[in-house]
Amino acid sequence: MNVRINKNSELFFKSLEDIWAAEQIWYGSPNIAVWLCTQAVEKTMKGFLHFHNISYDHGHQLRPLLDSVEEIVLVSPDFKKNVMYLNVFGSGLRYKNMTSDPTPEEAKLAIARSMYVVEEISSHESVKKFMDEAKEVHAKMLKINRKATQDGA
C-alpha cells in the first residue's frame with residue numbers, strides 16, 4: 001500500500017481490498033472469490049472488535065467473531081445470516097475440505113453478503129469514521145492502479 005492509513009482503519013481497508021479482488025475473479029475462480037469474501041468479513045469484524053479493545057482469536061472462524069460483535073452491539077438477523085452463510089465456506093475452500101467448489105453464482109452471492117456485512121458494520125457510529133477513511137483510501141488506491149495500468153507501468 002503506497003498511501004497512509006490510520007491503524008484503526010487498516011483492517012477495514014483490507015476487507016475492502018478482499019471484496020474488490022473477489023469482484024474481479026468471481027466467474028473464473030469462484031472458490032478464491034468466496035474465500036476472499038470470508039476473509040473480508042473476518043477482517044471487518046476483527047476491525048470492529050479491535051476498535052472496541054476486545055481481544056479475539058487469530059483463527060479464521062467467523063462464529064466466535066460474530067458472538068463477540070453481538071456482545072457489543074445489536075446486529076440484524078440479516079447480518080447474522082450473511083456471516084453464517086460465509087462461515088460454511090471458511091478455510092475448507094483453500095484446503096479442499098469441501099465436497100465441491102462453489103459455483104460462480106454462489107461467488108456472486110458471497111460478494112453481496114460480504115458487502116452487506118461491511119455496510120452494516122459501517123453504519124455503527126463508533127467505527128464510521130474509520131470505515132469512511134478505509135473507503136476513501138481504497139478509492140485512491142484504485143485510482144492509482146488505474147493510472148498505472150493506463151501508463152503501462
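Note that this is a predicted model, so its numbers are computed, not measured.
Separation of atoms CG (Asn31) and CG (Leu36) is listed at 9.5 Å; rounding is to 0.5 Å. Rounded to the nearest 0.5 angstrom, Ser122 OG and Lys128 NZ are separated by 7.5 Å.
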Intermediate values then yes/no, salt bridge (Lys or Arg N to Asp or Glu O under 4.0 Å), Glu10 and Lys43: CA-CA 9 Å; Glu10 195 169 9; Lys43 290 170 188 162; over 6 Å; no
Trace of the salt bridge (Lys or Arg N to Asp or Glu O under 4.0 Å) decision for Glu133 with Lys129: CA-CA 6 Å; Glu133 178 190 17; Lys129 86 174 193 179; over 6 Å; no
Stepwise side chain to side chain contact (heavy atoms under 4.5 Å, CB included) test for Leu62 and Met84: CA-CA 7 Å; Leu62 299 181; Met84 294 315 295; 5.9 Å; no
Intermediate values then yes/no, side chain to side chain contact (heavy atoms under 4.5 Å, CB included), Glu23 and Met115: CA-CA 11 Å; Glu23 290 174 324; Met115 290 172 71; 3.8 Å; yes
From CA spacing to verdict: side chain to side chain contact (heavy atoms under 4.5 Å, CB included), Lys140, Glu136: CA-CA 6 Å; Lys140 285 180 186 176; Glu136 182 180 319; 3.6 Å; yes
Val118 vs Met131, side chain to side chain contact (heavy atoms under 4.5 Å, CB included): CA-CA, chis, key distance, verdict: CA-CA 9 Å; Val118 169; Met131 186 60 86; 3.8 Å; yes
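What you find for Ala40 and Ile19 is that their closest heavy atoms are CB-CG1, 3.6 Å. Closest of all the heavy-atom pairs between Met45 and Val83 is CE-CG1, 3.9 Å. Of all heavy-atom pairs spanning Lys108 and Trp26, the tightest one is CG-CE3, 3.2 Å.
The side-chain heavy atoms of Gln61 and Leu65, taken from C-beta on, include no pair separated by under 4.5 Å. By the 4.5 Å heavy-atom criterion applied to side chains, Val69 and Leu49 are counted as neighbours. Two residues are said to be in side-chain contact when any heavy atoms from C-beta on lie closer than 4.5 Å; Val127 and His52 meet this criterion. Here the side chains of Phe48 and Ser68 are not in contact, with every heavy-atom distance at 4.5 Å or above. The shortest distance between side-chain heavy atoms of Pro30 and Asp101 does not fall below 4.5 Å. Counting heavy atoms from C-beta outward, Val137 and Ser9 have side chains that stay 4.5 Å or more apart.
There is no path of hydrophobic side-chain contacts, each under 4.5 Å, that joins Val41 to Trp20. Connection of Val75 to Ile54 is established within a shared hydrophobic cluster, with ILVMFWY side chains joined at heavy-atom distances below 4.5 Å, either directly or through further cluster members. Residues Leu142 and Phe12 do not share a hydrophobic cluster, clusters being chains of Ile/Leu/Val/Met/Phe/Trp/Tyr side chains in contact below 4.5 Å.
With hydrogens and angles ignored, the 3.5 Å screen pairs no side-chain donor or acceptor of Asn82 with any backbone N or O of Val117. Here the side chain of Gln39 pairs no donor or acceptor atom with the backbone of Asp18 at under 3.5 angstrom. A donor-acceptor distance shorter than 3.5 angstrom exists from the side chain of Glu106 to the backbone of Thr103, with no hydrogens or angles considered.
Between His138 and Phe13, the ring-plane angle classifies as perpendicular under the 30° and 60° cut-offs.
Phe79 is linked by a ring pair (Phe, Tyr, Trp, His ring centres under 6.0 Å) to nothing, counting only residues two or more places apart in sequence or in another chain.
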